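Reviewing the structure listed below.
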Number of protein chains: 2
Amino acid sequence: MRRRPPRDEVRRALLDAAAELFARGGIDATSLDDVARAAGFTKGAVYSNFGSKDGLVDALAEDRISAYLDLGLAAVSDVAVPLEQQARDLGDRLSAAAEEQRDWHLLFLELWQRAVRGEGSQAFRERRRDLHGAVTAAIAEHVDAAGVAAPLPAEELATVLMALSNGLAIERHADPGSVADDLLGRVLVVLMGAAPPGRPADVAREQTRGEAQSSVDQ
Amino acid sequence: MRRRPPRDEVRRALLDAAAELFARGGIDATSLDDVARAAGFTKGAVYSNFGSKDGLVDALAEDRISAYLDLGLAAVSDVAVPLEQQARDLGDRLSAAAEEQRDWHLLFLELWQRAVRGEGSQAFRERRRDLHGAVTAAIAEHVDAAGVAAPLPAEELATVLMALSNGLAIERHADPGSVADDLLGRVLVVLMGAAPPGRPADVAREQTRGEAQSSVDQ
DNA sequence: GACCTGGGATACCGATCGGTATCGAGTACT
DNA sequence: AGTACTCGATACCGATCGGTATCCCAGGTC
């Protein structure tokens, strides 16, 4: 006979299936039957674990937001690197993360929409504030340590960083070839005043473009 | 008896109602009955004018994208202004537009999602390319005219500008107080190398914050 | 090993909604 | 003015889906 899987396992499988299907097809357009079937269960398991569809969505948000945003934190937590390299690394890491998780970024935006509209959990707003504070502190520390005069205060640099990371990911979704991999890093170098003076042409150097692998989802 | 309104009028009323309701509640969650009733008609008018719900959405996208994006074009079309002022104006105008049209920006993102997922019209991708090209040209012209050495090529400046405008609007949605009105303009000044040398502190000067009119939608 | 309990399966309900067939009032054309 | 036609209104259908009541079996307990 079929062993009954532990509850945590069921929950994980449902969350993973929901993340994938919600991201691919949109939350509203994906039925709970689809999610349950993809996870190898039925709708009953969903209601037993999450109570409602909104409950599933909230749990999913809570489950994934932290992991997603912590990527950014991890990228700025390392202090032992020169500021310029730091900025480039941060940009590269954020860009790579957004690229790997194309589908997840779509889900991310949909959850953000729900939060803005007042539906669903407010985990987004809260976590965003947390991240913003942490990024601000990290930037201030790095800029101070480097002794450069950034053209913007750390708090606003953090805002710009988050907005740019997100905005560039969106642009890349719409047209994968239009955003160079290291663009975010180079912009950060300029914004943090980390570019060694006298060689602006180096920062602006044209990249080797042309690898527009436009593999649309599915 | 009731005069029958001209066809164009019916179409306009339906599109306007759809824009409002779709933006406020999401496209999927808004029924055609709701849209039609809000416009003072019935579902028959929708099907007579647009054929299907997707037809309405496509028409809405086609109708609004241009108007929305042309704001950006108008802001960069004026050449007779010094580059720094130009950048600030552009930032201010884009920020103000995003602020006025909070609801519309939500709809904008939803249409973008549909385009990325391959559903609906590809008007977004096409128009985005158009806008990107136009912005690139405008930036190149302005930077050339000003004779400054921008730290990034015009094409990438255009990408960053679009991403940042969009990303900052998203951040502002999530937390209206976290994005100063003129932030976009100041960032542009830095990125275009338009800041007069020797007074970086002016650009970074703290703004009079605190007017966070957090009027969340409805 | 009989019993209870909890969690997932199953069957079903009611509501919603996109879409369609049809009707009838205005409108344009001659 | 009469006629044909357009276009929006109305009624209705079928499918989908969230949610629920109920059942049934696996696991732990004594």
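These values consider heavy atoms only, across backbone and side chains, with no hydrogens, waters or symmetry-generated copies. Computed from a predicted structure; not experimentally measured. Numbered from 1 within each chain, the chains take letters A, B, ... in sequence-line order.
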For this session: Round to the nearest Å and state the distance from D33(B) atom CG to dA9(D) atom P.
Result: 11 Å

For this session: Have a look at S31(A) and say if it touches a base, only the backbone sugar-phosphate, or nothing, with a 4.0 Å heavy-atom cut-off.
Result: sugar-phosphate

For this session: Using whole Å, report how far CG of L32(A) lies from C1' of dT16(D).
Result: 12 Å

Exercise. Would you say dT27(C) has OP1 or OP2 under 4.0 Å from some side-chain N or O of R7(B)?
Worked result: no

For this session: Hey, can you tell me if W104(B) and F108(B) have their rings parallel, tilted or perpendicular (30° and 60° cut-offs)?
Result: perpendicular

For this session: Check whether any side-chain N or O of S165(B) sits under 3.5 Å from a backbone N or O of L161(B) as a donor-acceptor pair, and report yes or no.
Result: no

Exercise. Does OP1 or OP2 of dC7(D) have a side-chain N or O of S48(B) closer than 4.0 Å?
Worked result: no

Exercise. E9(A) has an atom CD; how far is it from atom P of dG7(C), in whole Å?
Worked result: 15 Å

Problem set entry | N or O in side chain of N49(B) less than 4.0 angstrom from dG8(D) OP1/OP2 | yes

Problem set entry | Whole-Å distance separating the CG atom of D28(A) from the P atom of dT16(D) | 17 Å

Problem set entry | Which nucleotide in dG18(D), dT10(D), dA9(C) has an atom nearest any side-chain atom of A45(A) | dA9(C)

Exercise. Within the modelled atom types, does a donor on one side and an acceptor on the other bring the side chain of K43(A) and the base of dG19(D) under 3.5 Å apart?
Worked result: yes

Exercise. What is the distance from CG of D8(A) to P of dG8(C), rounded to the nearest Å?
Worked result: 10 Å

Problem set entry | Close side-chain approach of K53(A) and V46(A), heavy atoms under 4.5 Å | no

For this session: Let me know the distance between CG of L56(A) and P of dG19(D), rounded to the nearest Å.
Result: 11 Å

Exercise. Do the ring planes of W112(B) and H173(A) sit parallel (below 30°), tilted (30 to 60°) or perpendicular (above 60°)?
Worked result: perpendicular

For this session: Name the closest nucleotide to the Y47(B) side chain, picking from dA9(C), dC17(D), dG18(C).
Result: dG18(C)

Seminar exercise, completed: Heavy-atom nearest nucleotide on DNA chain D taken for A29(A) and for G51(A); more 5' hit belongs to A29(A)

Exercise. With sugar-phosphate meaning primed atoms plus P, OP1 and OP2, does V10(B) contact a base, only sugar-phosphate, or nothing at under 4.0 Å between heavy atoms?
Worked result: sugar-phosphate

Problem set entry | Distance, rounded to the nearest Å, where D54(B) contributes CG and dC17(C) contributes P | 16 Å

Problem set entry | Exam field: side chain R186(A) to backbone L152(B), donor-acceptor pair closer than 3.5 Å | no

Problem set entry | Atom pair distance, as rounded to whole Å: CZ in R37(B) and P in dA9(D) | 12 Å

